[in-house]
Chemist: 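One structure coming up, written as structure tokens, with questions to follow.
Letters A, B, ... mirror the listed sequences (proteins, then strands); counts begin at 1. Excluded from the calculations below are hydrogen atoms, water molecules and symmetry mates; all remaining heavy atoms, backbone and side chain alike, are included.
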There are 2 protein chains.
Amino acid sequence: MTTKRTVFFISDRTGITAETLGHSLLTQFDIELEQVTLPFVDDVHRAKKTVEQINQVATETGVSPIVFSTVVNAEVRDHLRQCHATFFDFFDTFIAPLERELGVPSSHAIGQAHGRGDDRLYDVRIDAMNFALNNDDGVSTRHYKDADVVIVGVSRTGKTPVSIYLALQYGIYAANYPLTDEDLMDGRLPSCLGPYRKKLYGLSIQAERLREIRQERRPNSQYASLQQCQMEVARAEGLFRREAIPYANSTTVSIEEIASTMIVEAKLRRRLY
Amino acid sequence: MTTKRTVFFISDRTGITAETLGHSLLTQFDIELEQVTLPFVDDVHRAKKTVEQINQVATETGVSPIVFSTVVNAEVRDHLRQCHATFFDFFDTFIAPLERELGVPSSHAIGQAHGRGDDRLYDVRIDAMNFALNNDDGVSTRHYKDADVVIVGVSRTGKTPVSIYLALQYGIYAANYPLTDEDLMDGRLPSCLGPYRKKLYGLSIQAERLREIRQERRPNSQYASLQQCQMEVARAEGLFRREAIPYANSTTVSIEEIASTMIVEAKLRRRLY
């Protein structure tokens, strides 16, 4: 008898803002949802099609859908609002008070929050991403002088995803260096990292979780054994502490949370807002 | 005499939702801003520090700052609201109407929109990203059977960033294949792509912009010459049209817009919401 609520995220561009805002509200509720994103709803024709789609769900499920909209164009929004759903309009809610506060009218131009911006910013982003890819997994330390941060940790702690995320979201140049068995046995900072000591940020993880991740990759290997994972984690954390390298634990936090933490703690300078 | 307005994005977690909200509204105004993100404001002590920081800016600039807040905790918010600024409270604005609509109270738990979620979803994301990295730049077509989409295009059209973005944001498995001079001269679909014809999605770009990008990489090379770029683009687009491969032009659009367009047009199935 219980039907899943359907939630629509409607946008005149990518839908990313509508999804981000909607998700952040919906994560406050312990409720199962059917989620539908409808991007590029930027003219009256598409608005009418969208209303039909929403109304069809309302009829079929017998439950009023929820709509999160970031559509800017007034005419398109007027059509959308006629749907049989609870309508949350992010633009309408905040733009009028913001116009009053800033003392200037808004452009009412189609959403550009995830648009291109100028070529310079696009290039910064791509350059940062290429930097992350070219300086992944310790392939070379030659370019570390240009890095904003060098992430260090044992294999499979999440160094690569965090490096790439820092590039894409913030335009930060992140290299990453995997601590090898040899580095760990030696117990001292690898000499190639010495000149970049102030850029180092450690990533660690619980040994049990590391075992799970490595097990997926190389089942029943020495590499994936709990003993090996415990040894590596203990030695890596020991190294971080002795060398006063700040570090985060990736066991239960997201890529986004690690990235934000690094920015705050290591005072990284963002190139993108 | 004109002072830049300062905008604060305040969050109990990463600040990504607060920034997304604020940016999507502020891009509607042609106005210069000083932007400050304050993540992890999750207790009264930090709230007080934050208020001090905002008030100091208000005093120094003589202009009331603007605050976008996604802080969930009521006590922390009550403190924050005492700052001397125009305060946009995302949570407060939408959560009560949403509670009424859903008929259940919200958890008032700290923002989890960019939190970890369960390990399964985290693993999907990391797997998709590893897939993109391992199937970048045509290194191998061996795993194309597992790809959701295979992005094809000449060198420097943006295939890699789009592949990685599809993985991170949507959990989509994207491989990418660079069309070589040989492929372009031949004028037919490279035989290794034949079995995956239905997964192909083309990326093109204006020749002048391609020249700029390549010039940065290999100045004054044949590779970066306008003539070479024009030839490659014309032949690639000819191939896409003859083979009925859908394609997008990356000249003036963002990584996010290309990704959204592909999802809609190629009906890609997302693993992450």
Chemist: Below 4.5 Å from any heavy atom of chain A, which atoms of B:V264 appear? Answer side chain, backbone, both or neither.
Modeler: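 Only the side chain of B:V264 comes within 4.5 Å of chain A.
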Chemist: Does any backbone or side-chain atom of B:F40 lie under 4.5 Å from a heavy atom of chain A? Answer side chain, backbone, both or neither.
Modeler: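 Just the side chain, heavy atoms under 4.5 Å.
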Chemist: Let's test your reading of the structure: which of B:L133, B:V72, B:L98, B:V104 forms the most heavy-atom pairs below 4.5 Å with chain A?
Modeler: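 That would be B:L98.
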Chemist: If you count heavy-atom pairs under 4.5 Å with chain B, which of A:G15, A:A259, A:S11, A:P97 comes out on top?
Modeler: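 That would be A:P97.
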Chemist: Among B:T252, B:I31, B:T70, which has the most heavy-atom pairs under 4.5 Å with chain A?
Modeler: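 Heavy-atom pairs under 4.5 Å are most numerous for B:T252.
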Chemist: Is the shortest heavy-atom distance from the side chain of B:D119 to the side chain of A:R209 under 4.5 Å?
Modeler: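 They are in side-chain contact.
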Chemist: If you tally heavy-atom pairs under 4.5 Å against chain B, which of A:E216, A:Q169, A:M129 wins?
Modeler: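 Ranked by heavy-atom pairs under 4.5 Å with chain B, first place is A:M129.
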Chemist: Minimum heavy-atom separation for A:S254 to B:H114, with atom names?
Modeler: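 Distance-wise, the nearest heavy atoms are OG-O, 2.6 Å.
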Chemist: Select, from A:D127, A:D30, A:I255, A:L38, the one with the greatest count of heavy-atom pairs under 4.5 Å involving chain B.
Modeler: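 That would be A:I255.
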Chemist: What distance separates A:E101 CD from B:F87 CZ, expressed to the nearest 0.5 Å?
Modeler: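 Here the rounded value is 13.5 Å.
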Chemist: Could you check whether B:T14 and A:E256, counting side-chain N and O atoms only, form a donor-acceptor pair closer than 3.5 Å?
Modeler: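 Judged by distance alone, the side chains do not pair up.
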Chemist: Heavy-atom cut-off 4.5 Å, strictly under: side chain, backbone, both or neither for B:F94 against chain A?
Modeler: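 For B:F94, backbone and side chain are both near chain A.
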Chemist: Using a cut-off of under 4.5 Å for heavy-atom pairs, which of A:S106, A:G158, A:A167 has the most such pairs with chain B?
Modeler: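 The candidate making the most pairs under 4.5 Å is A:S106.
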Chemist: Is there a side-chain contact between B:I213 and A:I126 in this structure, where contact means two heavy atoms from C-beta onward sitting under 4.5 Å apart?
Modeler: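 They are not in contact (no side-chain heavy atoms under 4.5 Å apart), so the answer is no.
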Chemist: Which answer fits B:I95, side chain, backbone, both or neither, if we ask what part of it has an atom under 4.5 Å from a heavy atom of chain A?
Modeler: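 Both parts, backbone and side chain.
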Chemist: Using non-hydrogen atoms and a 4.5 Å limit, figure out which bit of B:I164 sits close to chain A: side chain, backbone, both or neither.
Modeler: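 Just its side chain gets close to chain A.
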Chemist: What are the two closest heavy atoms between A:Y273 and B:T37, and how far apart are they?
Modeler: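 Minimum heavy-atom separation between A:Y273 and B:T37: CE2-OG1, 3.6 Å.
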Chemist: Let me know if B:V63 has heavy atoms under 4.5 Å from chain A in its side chain, its backbone, both or neither.
Modeler: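 Interface part for B:V63: neither.
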Chemist: Give the intermediate values and the outcome of side-chain contact (heavy atoms from CB on, under 4.5 Å) for residues A:T93 and B:F90.
Modeler: CA-CA 10 Å; A:T93 305; B:F90 178 66; over 6 Å; no
Chemist: Heavy-atom distance under 4.5 Å to chain A: side chain of B:V7, backbone, both or neither?
Modeler: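 Neither; nothing under 4.5 Å.
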Chemist: Could you give me the CA-CA distance, side-chain angles and deciding distance for B:E212 and A:R120, then say whether salt bridge (charged side-chain N to carboxylate O under 4.0 Å, His left out) is met?
Modeler: CA-CA 12 Å; B:E212 269 175 38; A:R120 197 186 56 80; over 6 Å; no
Chemist: Heavy-atom cut-off 4.5 Å, strictly under: side chain, backbone, both or neither for B:I263 against chain A?
Modeler: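 Neither part.
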Chemist: I'd like to verify something: which residue of A:Y165, A:Y122, A:F88, A:F91 has the highest number of heavy-atom pairs under 4.5 Å with chain B?
Modeler: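 Top option by heavy-atom pairs under 4.5 Å: A:F88.
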Chemist: At a heavy-atom distance under 4.5 Å, which candidate from A:L168, A:N130, A:L102 has the highest pair count against chain B?
Modeler: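 Most heavy-atom pairs within the cutoff with chain B belong to A:L102.
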Chemist: Thinking salt bridges, do B:R156 and A:D123 make one under a 4.0 Å N-O criterion?
Modeler: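 Salt bridge flag = no for A:D123 with B:R156.
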Chemist: With a 4.5 angstrom heavy-atom cut-off, could you sort out which part of B:E99 is near chain A: side chain, backbone, both or neither?
Modeler: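 Looking at B:E99, backbone and side chain both touch chain A.
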Chemist: Is it the case that over 12 heavy atoms from other parts of the model lie below 6.0 angstrom from the NE2 atom of B:H45?
Modeler: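 Open.
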Chemist: Holding to side chain to side chain donor-acceptor pair (under 3.5 Å), I want the full list of residues that pass it with A:D136, two or more places apart in sequence or in another chain.
Modeler: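 Here the qualifying residues are A:T160, A:N176.
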Chemist: Any donor and acceptor pair, going by atom type alone, linking the side chain of A:Q28 with main-chain N or O of B:H108 inside 3.5 Å?
Modeler: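 It does hold such a pair.
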Chemist: At a 4.5 Å cut-off on heavy atoms, which part of B:T261 comes close to chain A: side chain, backbone, both, or neither?
Modeler: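 Interface part for B:T261: both.
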Chemist: With chain A as the partner chain, list the residues of residues 19-27 of chain B whose heavy atoms fall under 4.5 Å from it, by residue number, and write 'none' if nothing qualifies.
Modeler: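 At a heavy-atom separation under 4.5 Å, chain A is reached by B:E19, B:T20, B:L21, B:H23, B:S24, B:L25, B:L26, B:T27.
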Chemist: Between B:P39 and chain A, which part of the residue has a heavy atom less than 4.5 Å away: side chain, backbone, both or neither?
Modeler: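 It is the side chain, since no backbone atom gets that close.
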